[in-house]
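Working notes, beginning with the structure itself.
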Amino acid sequence: MGEPTGRGPDTGGGTVPAGDHVLGVDSGGSGLRIAVARADDPAARPLATYASNEPVRTGPHGIDAGHLLSQLLPAAEELRREVGAVRFTAGCVGAAGMATLGDELRARLPAELATAFGVRRLALAADAVTAYAGALGQRPGAVVAAGTGMIALGTDLTGVGGWRRADGWGHLLGDCGSGAWIGRAGLEAAMRAYDGRPGGSAALLARATAMFGPVTGLPGALYPRPDRPAVLASFAPEVGRCAADDAVADGILRAAAGHIADAAAAVCPPGAGSAVACTGGLFGMGEPLLAPLRTALAERLPDARVTAAAGSPLDGALTIAAALAGDRLTLPADLKLLQITRPAPG
């Protein structure tokens, strides 16, 4: 990943023994990603990586720790051998749902990783925190992470302020401006056109029909599905493709940009010069969304510096793990968002 712009100088902190390595984990809706870096590398550049397209299951007790460990332990052992590591002196596991569904992970992972790899310091982080660390490193500012859902996280790096969060409440209560939000708004416009109501879009109706079949079948096909947010989000690119020639689609993206900027403004530390970054698959839609987003951010955060995200959530997990190993972690600890443990082998 290289030395990303904006990660502060490696000053102070402890000394990491030469040859120690750290482990970074990113668990999300699209699968599991794991990487290894040298513990004494301030840039936490990955030496070896592993990716699985099998998402970790969520059960009645939250994120299934056993399922995560069944993938993580053999993959991490393979990476350890590949880079010639003796142990992982520190690690960071970032997971979607960690804040609200991570109790089983917090109960089991520290001892399991200490036993398997000698991990002495472990960070258990919400995926929004690893997205923040990947995008901005350990600088004060705000990061919007958007894909199927959307959440904004900000900090001034003080123990008093801690983390500030906006949205991330799921597609029924929030995630405003997300892929699911854009897709739902686009399908609503398609249904309006089908009915002959105001606010409809013939272009989006044609796209919806091509993608899903007759739109009268959409309620029965969509409502019972457990992956409904992802299905809604799958229509967001169609809204983007129509935006140049369709005023309704363009209006949906402008509204989404406003929601995203609102979330960033809600969490951004006050004062001039705070960094703001956007990360996640949603922004791959390109200029149809990015152009109105730049305008909305400039209106709501005129004193902030909008910057490109330096890296991914997996990069962020490595950044946190390396900072832990060297006693350089300045991101605020939090019982739900970023819990730091010093595990003992089980």
Side-chain angles (χ1 to χ4, degrees), residues 14 16-28 31-41 44-59 61-98 101-127 129-130 133-134 312-329 333 335-336 338-346:
V16 180
D20 274 0
H21 292 74
V22 296
L23 181 70
V25 180
D26 173 41
S27 174
L32 185 69
R33 289 155 292 278
I34 307 168
V36 174
R38 285 184 60 90
D40 59 359
D41 179 6
R45 290 169 287 231
L47 300 174
T49 60
Y50 165 90
S52 165
N53 293 326
E54 181 183 2
V56 175
R57 293 190 295 263
T58 298
H61 301 294
I63 302 169
D64 188 332
H67 187 221
L68 186 149
L69 287 164
S70 72
Q71 295 189 66
L72 171 58
L73 294 181
E77 175 61 22
E78 182 179 334
L79 294 177
R80 188 190 68 78
R81 292 175 180 169
E82 182 177 338
V83 302
V86 175
R87 63 176 182 177
F88 298 126
T89 188
C92 174
V93 177
M98 179 71 80
L101 301 171
D103 287 349
E104 189 174 318
L105 296 186
R106 285 185 280 269
R108 290 191 57 185
L109 260 60
E112 294 274 4
L113 293 178
T115 298
F117 303 115
V119 173
R120 296 180 300 178
R121 302 179 184 185
L122 180 66
L124 297 170
D127 58 340
V129 172
T130 51
S312 69
L314 181 57
D315 297 325
L318 285 176
T319 294
I320 292 171
L324 261 184
D327 287 322
R328 294 180 287 102
L329 187 65
L335 288 177
K336 295 293 187 180
L338 181 58
Q339 185 181 73
I340 309 302
T341 69
R342 294 176 179 266

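Quick caveat, the model's predicted, so the values are computed rather than measured.
The minimum heavy-atom distance between Gly24 and Leu318, with the atom names listed, is N-CD2, 3.6 Å. Taking each heavy atom of Ala90 and Leu324 in turn, the nearest pair found is CB-CB, 4.2 Å. When all heavy atoms of Ile63 and Ala96 are compared, the pair lying nearest together is CD1-O, 3.3 Å. Of all the heavy atoms in Pro46 and Ala35, the pair that sits closest is CB-CB, 4.2 Å. Among all heavy-atom pairs drawn from Ser27 and Leu32, the shortest one is CB-CD1, 3.6 Å. When all heavy atoms of Glu77 and Phe117 are compared, the closest pair comes out as OE1-CE2, 3.4 Å.
Side chains of Val56 and Gln71 form a contact here, defined as non-hydrogen atoms less than 4.5 Å apart. Counting only heavy atoms from C-beta outward, the side chains of Met98 and Gln339 never approach each other to under 4.5 Å. Side-chain contact check for Lys336 versus Asp103: some heavy-atom pair is nearer than 4.5 Å. In this structure, Leu69 and Leu109 have side chains that are in contact, with non-hydrogen atoms separated by less than 4.5 Å. Looking only at side-chain heavy atoms (C-beta outward), Phe88 and Val36 come within less than 4.5 Å of each other. Looking only at side-chain heavy atoms (C-beta outward), Ile34 and Thr49 stay at 4.5 Å or farther from each other. Here the side chains of Leu122 and Ile340 are not in contact, with every heavy-atom distance at 4.5 Å or above. Contact of the Asp41 side chain with the Val22 side chain is not registered, since no non-hydrogen atoms from C-beta on lie closer than 4.5 Å.
Atom CG of Leu329 is separated from atom OG1 of Thr319 by 10.5 Å, given to the nearest 0.5 angstrom. From Arg108, atom CZ reaches atom CG of Leu113 across 10.5 Å, with rounding to the nearest 0.5 Å. The OG1 atom of Thr89 sits 4.5 Å away from atom CG of Asp20, with the distance rounded to the nearest 0.5 Å. Between atom CZ of residue Arg106 and atom CG of residue Leu335 there is a gap of 8.5 Å, rounded to the nearest 0.5 Å. In this structure, CZ on Arg57 lies 11.0 Å from CG on Leu68, to the nearest 0.5 angstrom.
Of the possible polar contacts, one joining the Arg80 side chain to the Ala85 backbone as a donor-acceptor pair under 3.5 Å is found. For Thr130 (side chain) and Asp127 (main-chain N/O), a donor-acceptor pair under 3.5 Å exists by modelled atom type. The closest donor-acceptor contact from the side chain of Arg328 to the backbone of Ala322 lies under 3.5 Å. Judged by distance alone, the side chain of Glu104 and the main-chain N or O of Asp64 form no donor-acceptor pair under 3.5 Å. A donor-acceptor contact shorter than 3.5 Å is absent between the side chain of His21 and the backbone of Ala39.
By the neighbour-count criterion of 12 heavy atoms within 6.0 Å, atom CD of Glu82 is densely surrounded, having more than that number from other residues, nucleotides or ligands.
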Before giving the answer on side-chain contact (heavy atoms from CB on, under 4.5 Å), spell out for Leu79 and Tyr50 the whole-Å C-alpha distance, their side-chain angles and the decisive distance to 0.1 Å. CA-CA 8 Å; Leu79 294 177; Tyr50 165 90; 4.1 Å; yes
Is there a salt bridge (charged side-chain N to carboxylate O under 4.0 Å, His left out) between Asp327 and Arg121? Walk through the geometry before answering. CA-CA 10 Å; Asp327 287 322; Arg121 302 179 184 185; 2.4 Å; yes
